[in-house]
> 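Structure incoming, see below.
Chain letters run A, B, ... following the sequence lines, proteins first, then strands; residues in each count from 1.
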Amino acid sequence: MSDKTYDPVSMETKWCDLWRDPDLYKARGDGSRPPYYVLEMFPYPSGKLHMGHVRNYSIGDALARYLWMKGHDVLHPIGWDAFGLPAENAAIKNKMHPRDWTLSNVAFMKQQLIRLGFSYDWAREVTTCLPDYYRWNQWFFLKMLERGIAYRKNAQVNWCPDCATVLANEQVEEGRCWRCSAAVEPKELEQWFFRITAYADELLEETYKSLENGWPERVLTMQRNWIGRSEGAEVDFTHEATGSKIRVFTTRIDTIYGATCVILAPQHPLTASLVSGGAAVEVNAMIAEHRRKDPGDVEKKGVFTGHYAVNPYNQEKVPIWVGNFVLMGYGTGAIMAVPAHDERDFAFCKQYGIEIRPVIRPADGALADAATIKEAFVDYGVCENTGQWSGLPSVEARRSMAEYAENHNFGIAAITFRIKDWGVSRQRYWGTPIPVIHCPACGVVPVPYDQLPVELPYEVEFSGKGRSPLEQVSSFVNVSCPTCNAPARRETDTMDTFVDSSWYFYRYCDPKNEHAPLDPAKAAPWFPINQYIGGVTHAIMHLIYSRFWTKVMRDIGLVSNNEPVTNLFTQGMVQLGGKAMSKSRGNVVDPDEMIAKYGADTCRMFTLFAAPPEKDMEWNESGVQGQHRFLSRVYRFVCRNTEKARHVGGEPTEADRKALRKLHQTLTKVSADFDSRWHFNTSIAALNELQNTLEEHEANLSGQAAAQILETLCLMLHPFAPFLSQELWSVELGREGQLIRQQWPQADPELAREEGAEIPIQVNGKLRSRITVPFGTPKDQLEQLARADEKVKAHVDGKQVIKVVIVPDKLINIVVKG
RNA sequence: GGGGGAGUGGUGGAAUGGCAGACACAGCAGACUCAAAAUCUGCCGGACGCACAGUCCGUGAGGGUUCAAGUCCCUCCUCCCCCA
């Protein structure tokens, strides 16, 4: 008997030191074993890890360790998403340089990750704020410039007055900044864009093809909505007075005979020439309102211009209006209103007393009456009063009418996308400098490749507000033009940090390469990534940009895969007070305290046990005790039984059979959880059950059963509690080597099998008794046994048996009447 | 408004048409202890009941399908996420 107590902190710190061995978690990529790339979203180095990180990385690490043990060559890297606003905000607040702040956070968090025992191949660590990483952002930028993917345009952007920076559309949440929640204002600036729209079709297509099975359906749906492809037609109405064309975009050209007005965006080029007097004042107010508010928030308003347009299909005159809900950035900036068949148009025309004219009837109904119509009929149906298309199903009319427009040169079949090009310019210091020079004579001149990286200067003033700090650094700004040598200005905008995270997982394959972002041969074995694990919060932005970047890299010839990630797992958020943990919200729970008190193993086990991984989880520490108790019981159990396990031989006992049965059942369950849905909470519950059973039979175990149990227990526990399992393996069992290098045990179905089936007997669906029978007992025998059972008789006697349902080895249900 | 989730004991959760509440937390009672911690044992959805005798009720609400529904279908309520 041993009276050792479980002391996680000392054993864990010991193994942390031993696990610094750079070979231990080294991915080889040499074809010696089947490769498997397990990737978790790299953290932003905000200061300390929080429980969301612990959860994400505990899931990934359990999987990585399991895959190692299943014989894979596992690539399991980590790095730092190290550029971004918080560093600059910290610089202003704490008078600390963003670089120093970031790198000290990285150092601290790295030590936390090591302390948690995650199996990362640290030789591949990537830190995006270092020049040896971001020079390749610049290299990609130049490649995209050459290919016409990167371009410049004057554009209205979302300006956050508090962060003093431009936000991407995706970074605006309900008109407010995603980080600081300040109201966003529009602003005109010359910006750099990536032409992600050039890949819109392919990005959409793949969501129905290669991603269909490996990505969560809801992420695919979100991406499809974001891309927002709609198939429609553009048709020219004619301004009656001048004959100039007004092109409208519509997805329902089959309803055009029901168009009763044309509505222009306030910013439409024709608008200004059509309005005067009071109408002009109203239009200007609309434009001003667009600047101030999110278009979704404004109350719908319209104003009649006094002009008319001619419908190209029936030559009918319809009034031209201006509407504040018509967006210049979508379609053509002008729409035709068909109130009878579009809800928004219906509301608008009702409001202003514009005619409503039904032209589509339901397939099994009559055409609505214009005088009494209560709501728009928006489905497809049958055309009525639509010239040559009358009587045609509107789905067919839609195609035919678009063709007619093309043949008669007043329109085209058109596809529009909701997704816009990716604005990457940021008026910020702490990001990748955009590698171009503005020369008064030559214009925009790319920095030559051999002059990369354009390094961020270290000596910078942080005033806190206003323009980019880089503009104040004359040694950075004032350069000579690479083409003509005349004095020129360096671009002072930096890149969106989503650039960094769009390809970091490629750099892991070849992190030290000084000649290219990566060597294609080194990336090839690992892509596409077998499994990516991260928060659903990145379902749109990060994952679409990464997919886009992959396609660009493929077109440049760096990789051959079309998509970066085969399987995506989105783990639920860890929340506190109903909100995601984040430093800016100040609701972060730091794992250090828990690790100091209970150890990293308990911390990992608990985060996995508390909820299934894909579910959101409200942080609540009560329950940690349970997993600590469990590990402590495992420790003491193994210590107590190692001596016995050394004396193999002796007769197998009844206790052996029961303990081994539970052992192999548990192994079956845990393996199945890894291979299918990752419900590690139930795997850990099964391990708890196993421990309960083992202690129950402990006294009567034979030496050889004990030996098998102790060994299998260590192996099975390893993905969840690497430290304890390794300690027991090496110190108590005296075994050689690292558990991660051992083979995952194989469950024996014979040993796992129950002796007999315990069959519940129901009467009218209510449980009345149970019997235990050998497996495979035939139906008629089961029925006999059931009817003979005393408890069953009490509910059946004197009644008429209508039916007996028997599912062999499973259940008996006797249906009675009376 | 549209799309997608979710709703089960005091709590986290389990159960993918077949015994609702596995496993754990908290709680209660007991053992050990001078005492506490740790550990161990027992109880732990509700009602009736002397009861680990039995019966009835019970998975947001109501209906349906089925021998059998937390699970499938319809209607409704509440909450969360995404998009307008």
> Can you list everything that forms a salt bridge (Lys or Arg N to Asp or Glu O under 4.0 Å) with A:Asp590? Sequence neighbours excluded, please.
A:Lys48

> Give the dot-bracket line for RNA chain B from 5' end to 3' end: parentheses for intra-strand Watson-Crick or G-U pairs under 3.5 Å, square brackets for crossings, | for inter-strand pairing, dots for unpaired.
(((((((..(((.....[....))).(((((.......))))).((((.....))))..(((((..]....)))))))))))).

> By ring pair (Phe, Tyr, Trp, His ring centres under 6.0 Å), which residues pair with A:Phe775, not counting sequence neighbours?
none

> By nearest heavy atom, map A:Gln627 and A:Glu758 onto RNA chain B; which one lands nearer the 5' end?
A:Glu758

> I'd like to check the side chain to side chain donor-acceptor pair (under 3.5 Å) partners of A:His538; sequence neighbours left out, ordered by chain and number.
none

> For nucleotides 38-47 of chain B, read 5' to 3', which letter fits each nucleotide if B means a protein heavy atom sits under 4.0 Å from the base, S means only the sugar-phosphate is that close, and - means neither?
-SS-------

> Please name all residues satisfying salt bridge (Lys or Arg N to Asp or Glu O under 4.0 Å) with A:Glu695, sequence neighbours left out, ordered by chain then number.
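Salt bridge (Lys or Arg N to Asp or Glu O under 4.0 Å) list for A:Glu695, sorted by chain: A:Arg633.
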
> Output yes when A:Glu212 and A:Arg224 qualify as a salt bridge under the 4.0 Å nitrogen-oxygen rule, no when they do not.
yes

> What residues form a salt bridge (Lys or Arg N to Asp or Glu O under 4.0 Å) with A:Asp201, not counting sequence neighbours?
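So A:Asp201 forms a salt bridge (Lys or Arg N to Asp or Glu O under 4.0 Å) with A:Arg229.
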
> Base, sugar-phosphate alone, or nothing: which one does A:Asn764 contact when heavy atoms must sit under 4.0 Å apart?
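No contact at all - A:Asn764 keeps every heavy atom at 4.0 Å or more from the nucleic acid.
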
> With sequence neighbours left out, write down each residue that passes side chain to side chain donor-acceptor pair (under 3.5 Å) with A:Ser501, or none if nothing qualifies.
none

> Under the side chain to side chain donor-acceptor pair (under 3.5 Å) test, which residues partner A:Glu755, sequence neighbours left out?
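For A:Glu755 the side chain to side chain donor-acceptor pair (under 3.5 Å) partners, ignoring immediate neighbours, are A:Arg661.
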
> Using a cut-off of 4.0 Å between protein heavy atoms and nucleotide atoms, how would you tag nucleotides 9-18 of chain B 5' to 3' with B, S and -?
---BSSSB-B

> Can you name the residues that form a side chain to side chain donor-acceptor pair (under 3.5 Å) with A:Ser58, not counting sequence neighbours?
none

> Donor-acceptor pairs are to be reported for all side-chain atoms of residues 606-615 of chain A against protein atoms at under 3.5 Å, with residues two or more places apart or in another chain.
| from | atom 1 | to | atom 2 | distance (Å) |
| --- | --- | --- | --- | --- |
| A:Thr607 | OG1 | A:Cys603 | O | 3.4 |
| A:Thr607 | OG1 | A:Arg604 | O | 3.0 |
| A:Glu614 | OE2 | A:His679 | NE2 | 3.2 |

